[in-house]
Amino acid sequence: MANVIVVGTQWGDEGKGKIVDLYAEDADAVVRFQGGNNAGHTLVVKGEQTILHLIPSGILHDRKTCIVGNGVVVDPKVILAEIDELKRRNLFPRNTRLWISENAHVIMPYHRRLDSARESAKGDQKIGTTGRGIGPCYEDKVARTGIRFCDLLDDETFRAKLKRNVEEKNFYLTKLFNEEPVDEKSVYEEYRGYAERLRPFVTNASVILEEEIRRKKNVLFEGAQGTHLDIDHGTYPYVTSSNTVAGNACGGAGVGPTKIDVVVGIVKAYTTRVGGGPFVTELTDEIGEHIQNAGKEFGATTGRRRRCGWLDMVLIRHAVRLSGINGLAITKLDVLTGIDPLKICRAYRVNGKEITDAVPSNLRDLAKCEPVYEELKGWKEPIGRAKTVRELPIQARRYVQRIEKLSGVRLFLVSVGADRDETIVLKNPFKK
């Protein structure tokens with residue numbers, strides 16, 4: 001038995017979906033513990049692509065328990081659409097159960113409206129939100145005015161909270177942003193329909209999770225986004241609205257920290273980010289364009305182009321420290337095929353000093369940082385069929401070994417292609 005957390009070490013989009021899907025084979029329960037439908041996990045199984053935004057990636061496996069934890073903010077319309085699509089494609093296994101925490105907060109139409117209105121009003125100062133209402137929903141959660149699933153299923157509570165919230169949000173929409181108001185009656189009717197459809201899925205997820213752990217089952221905790229989008233530890237304000245580091249798996253799922261055994265950090269073989277904010281290793285030349293095209297670096301949720309750059313090990317070491325990562329999974333190594341030479345940023349140089357282990361919190365300082373690169377030879381041979389590190393070209397082998405050395409953390413896995421089978425497994429986190 002083992003309880004394993006998977007987190008991104010960069011700005012998200014590291015390929016966590018594939019890794020979680022792989023690890024789900026050995027897991028009995030898969031838990032999503034933060035974020036909302038602003039994150040998309042792309043899975044490719046036998047050449048067929050599936051993109052999930054809210055449902056844990058383990059849903060494609062039979063006889064699993066999939067849990068959407070209390071730390072997730074859930075758009076009912078989106079999760080119902082995912083359920084319907086999975087069933088239409090016969091991808092929702094009969095013996096797999098999906099549960100939604102009764103304490104998870106519900107994204108409402110006024111959250112989406114406020115999200116878009118605020119972002120539009122910022123002009124050139126946009127932070128790059130997805131407009132899905134994630135931030136405003138988390139705001140209501142912290143302000144203690146949010147609507148949880150247990151509230152949604154209680155008609156009297158839902159009516160009262162909706163009335164109060166619509167009155168407040170309409171004031172902002174009409175007076176501050178000159179937008180049309182939200183119609184309370186239509187929202188009520190729409191969401192009462194969602195409530196009845198989702199009622200069979202809503203439960204005390206913490207109790208179910210504790211039972212799985214008590215029975216010595218393997219549990220996989222699935223993070224969304226990446227370390228440097230963490231609300232506390234990321235490149236604020238160009239961050240998401242939740243804690244993306246491993247520590248939040250406990251609070252966002254309802255388990256104690258003594259239950260966690262392993263933390264796996266996902267590292268894309270290069271660096272990408274969506275939206276604004278400093279990016280020390282960003283490539284704006286033909287190499288960056290090549291990586292963007294070869295890696296199909298478009299957001300799974302928004303379709304936005306991802307900014308691309310060389311691998312930044314300062315970001316990785318920062319993430320290792322924050323999440324207590326003890327195993328790395330490298331993804332998209334195949335995308336670097338044909339690029340020679342390759343570069344890895346081992347440090348930042350700012351004000352005449354080198355920084356190796358921490359990303360500056362002050363964005364003005366971060367924007368001044370210059371990358372300190374080391375150069376490695378590239379490779380031309382296709383690597384998708386490699387099943388061991390020894391089967392990789394010597395240059396690719398040296399590249400992944402250098403990542404291991406610079407991070408100070410052992411390698412658990414190397415992904416050499418998008419499909420589930422295109423993977424080199426060095427260590428299974430569920431096995432001692």
Side-chain angles (χ1 to χ4, degrees), residues 4 6 8-10 13-27 41-49 57 60-61 220 262 264-272 287 290-297 308 310-313 316 320 325-346 374-432:
V4 177
V6 170
T9 60
Q10 295 152 302
D13 310 311
E14 298 97 347
K16 293 182 293 298
K18 172 182 174 175
I19 308 307
V20 171
D21 176 60
L22 283 168
Y23 287 164
E25 292 184 13
D26 293 311
H41 286 177
T42 303
L43 317 177
V44 180
V45 182
K46 296 180 179 178
E48 185 175 3
Q49 185 181 87
S57 302
L60 300 186
H61 297 265
L220 180 62
V262 181
V264 180
I266 313 303
V267 180
K268 190 182 287 185
Y270 47 96
T271 308
T272 64
I287 296 177
H290 171 80
I291 292 173
Q292 198 271 330
N293 290 324
K296 299 178 181 178
E297 294 297 346
C308 298
W310 295 120
L311 180 62
D312 184 339
M313 292 306 299
I316 306 307
V320 167
I325 292 168
N326 42 23
L328 294 183
I330 300 175
T331 61
K332 289 199 166 184
L333 183 65
D334 53 300
V335 173
L336 298 181
T337 300
I339 301 175
D340 188 22
L342 296 168
K343 294 182 180 181
I344 294 178
C345 173
R346 64 167 183 83
E374 55 182 61
E375 198 169 279
L376 294 86
K377 288 189 64 63
W379 62 92
K380 296 181 180 179
E381 305 93 323
I383 62 173
R385 293 187 177 182
K387 296 302 178 186
T388 68
V389 171
R390 287 184 175 275
E391 293 178 13
L392 291 172
I394 183 64
Q395 297 88 348
R397 197 184 317 164
R398 287 173 177 165
Y399 189 82
V400 298
Q401 289 170 342
R402 191 60 183 152
I403 295 173
E404 184 175 42
K405 177 71 173 178
L406 289 171
S407 69
V409 177
R410 67 176 295 187
L411 293 183
F412 277 16
L413 179 152
V414 179
S415 174
V416 293
D419 202 88
R420 184 187 283 173
D421 295 331
E422 296 175 313
T423 309
I424 298 171
V425 178
L426 294 96
K427 164 69 177 174
N428 185 329
F430 288 109
K431 298 178 181 178
K432 294 183 179 180

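Residue numbers start at 1 and run along the sequence shown.
Under a 3.5 Å cut-off, the side chain of Lys332 and the backbone N or O of Gly15 do not form any donor-acceptor pair. Remark: the backbone N or O of Val6 is not paired with any side-chain donor or acceptor of Tyr23 at under 3.5 angstrom. Proximity of a side-chain donor or acceptor of Ser57 to a complementary backbone N or O of Val20 within less than 3.5 Å is not detected.
Counting heavy atoms from C-beta outward, Leu426 and Val414 have side chains that approach closer than 4.5 Å. Side-chain contact check for His61 versus Asp21: some heavy-atom pair is nearer than 4.5 Å. Leu333 is listed as a side-chain neighbour of Leu392, based on a closest heavy-atom distance under 4.5 Å. At a threshold of 4.5 Å between non-hydrogen side-chain atoms, the residues Leu22 and Thr423 count as touching. Looking at Val267 and Leu311, their side chains come closer than 4.5 Å, going by heavy atoms from C-beta outward. At a threshold of 4.5 Å between non-hydrogen side-chain atoms, the residues Ile330 and Tyr399 do not count as touching.
The only member of Ile339, Val335, Leu336 that meets side chain to side chain contact (heavy atoms under 4.5 Å, CB included) when paired with His290 is Ile339. The side chain to side chain donor-acceptor pair (under 3.5 Å) test with Tyr270 singles out one residue from Gln10, Gln292, Glu297, Lys343, and that residue is Glu297.
Every side-chain contact (heavy atoms from CB on, under 4.5 Å) that Asn326 has, sequence neighbours left out, goes to Val262, Val263. For the side chain to side chain donor-acceptor pair (under 3.5 Å) test, no residue two or more places apart in sequence or in another chain qualifies with Arg397.
Listed here is the closest heavy atom pair of Ala27 and Leu220: CB-CB, 3.9 Å. Scanning both residues, Ile424 and Ala386, for their nearest heavy atoms gives CG1-O, 3.5 Å.
For residues 375-389, every residue pair satisfying the side-chain hydrogen bond (donor to acceptor under 3.5 Å, both in side chains) rule, not counting sequence neighbours, is listed here: Thr337-Trp379.
The closest side-chain donor-acceptor pair between Lys18 and Ser415 falls under 3.5 angstrom.
Interatomic distance, Asp26 CG to Asn428 CG, rounded to the nearest 0.5 Å: 4.5 Å.
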